[in-house]
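Note that ligands are numbered from 1 as they come in the structure, with each ligand's atoms numbered from 1 the same way. Each residue takes its place number in the sequence, starting with 1. This is a predicted model, so every value here is computed, not measured.
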Amino acid sequence: MVSKIIRSAYLGSKDYMEPLKGELGGIIDIHDQLALSSIAPIKSLWSINTWHDPKVLTIDSINDGAQQLKKIQRNWCLYSYQFHRRAILIQEKLPHVSAKPLCFPCALPTSPIGSWTLLAENQILASSKCSSLFKNGEILFEENKEGPPSRAYLKLYESLTRAGKIPQPGDFCIDAGGSPGGWAWVLQKLGARVLSIDRSPLDPKIASLANVEYYKADVFSIKPSDYDKVDWLFSDVICFPEKLFDWISLWFESGKCKNFICTIKFQGSPDYSFAKKFLAIEGSHVVHLYNNKHELTFMHIHKNKTGKIEHKTN
Ligand SMILES: C[S@@+](CC[C@H](N)C(=O)[O-])C[C@H]1O[C@@H](n2cnc3c(N)ncnc32)[C@H](O)[C@@H]1O
């Protein structure tokens with residue numbers, strides 16, 4: 001049983017709980033991937049789903065648990081770390097919520113989903129306001145096993161879906177650190193023109209695609225003055241965050257590019273606080289994607305309508 005009031009809860013990725021713990025205050029308890037805090041929700045970089053203002057519900061049966069949750073709202077997702085059987089029996093009494101993998105490109109779902117867990121046999125912790133629109137923050141996509149040469153394409157699927165905007169046919173995209181070509185494959189399929197810059201070559205099947213050009217170079221030798229206008233700047237370069245920050249700062253200062261998606265990579269036990277410097281760039285977001293590994297994703301997306309992903313109407 002918990003005596004302190006829980007004001008927020010954060011679901012982290014299994015392998016990246018340490019950086020999450022490092023940024024939270026008032027930690028009351030950690031249950032596998034779920035950290036409970038006595039402090040109001042913060043904008044966490046490493047949480048894949050933040051539970052706002054969770055409530056403790058005392059229940060006297062499985063039925064009662066389901067009834068109490070249904071009274072709050074329709075859509076619920078279980079995070080289970082103990083009493084698994086009992087928790088599943090409660091969840092089975094709640095309305096079904098589809099978790100079909102998304103078919104990229106598509107808009108984000110519009111219905112919010114709450115999260116709950118069993119803190120004790122007769123005690124539910126439930127939040128109707130969660131940061132992710134996906135069950136336990138897991139954004140799953142229909143995978144393509146033939147086209148892309150690496151699984152890196154999934155993090156680009158996720159960041160563009162979260163951004164709600166995609167490159168348009170003819171848009172000029174720089175794909176920094178693009179080898180072997182997973183991101184180039186995504187961008188080319190959208191009809192964009194891709195310039196992949198890397199010291200290593202692209203996979204031949206990507207290099208031969210229409211509208212994909214490869215330039216062998218150290219990315220950091222490339223300057224905004226080399227180009228008239230860039231619609232999107234993508235970077236998946238393995239480098240220190242400080243180096244990436246200095247390089248993208250040049251692009252911001254030049255005003256030549258409005259849309260940025262860049263992974264901020266970490267190695268060993270780094271100082272994660274540097275990532276906050278990226279957040280200081282006005283209008284930017286820094287998130288740990290479900291499909292990210294030991295990295296965060298920096299996004300700065302221009303708010304014009306061009307490229308906005310619309311909801312399909314049937
Ligand atoms: C994680 S991989 C990129 C995967 C790629 N986004 C994809 O979708 O297939 C990182 C790449 O960064 C490249 N890289 C690292 N430092 C670089 C630099 N200074 N200049 C150019 N490429 C660099 C590496 O050669 C490597 O191919």
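- Annotation: ring pair (Phe, Tyr, Trp, His ring centres under 6.0 Å) contacts of Tyr10 (sequence neighbours excluded): none.
- A salt bridge links Lys155 with Glu295: the closest approach of a Lys/Arg side-chain nitrogen to an acidic carboxylate oxygen falls below 4.0 angstrom.
- Nearest heavy-atom pair across Asp171 and Asp231 is CA-OD2, 3.3 Å.
- A cation-pi arrangement is absent between Lys229 and Phe172 under the rule of less than 6.0 angstrom and at most 45 degrees off the ring axis.
- Note on residues 196-219: no pairs pass ring-ring contact (aromatic ring centres under 6.0 Å, His included), not counting sequence neighbours.
- Sorted by first and then second residue, the pairs that involve residues 89-109 and meet side chain to side chain donor-acceptor pair (under 3.5 Å), not counting sequence neighbours, are Gln91-Trp116.
- Sorted by chain and number, the heavy-atom contacts of ligand 1 below 4.0 Å come from Ser150, Ala152, Gly177, Gly178, Ser179, Pro180, Gly181, Gly182, Trp183, Asp198, Arg199, Ser200, Ala217, Asp218, Val219, Phe220, Asp236, Val237, Ile238, Lys265.
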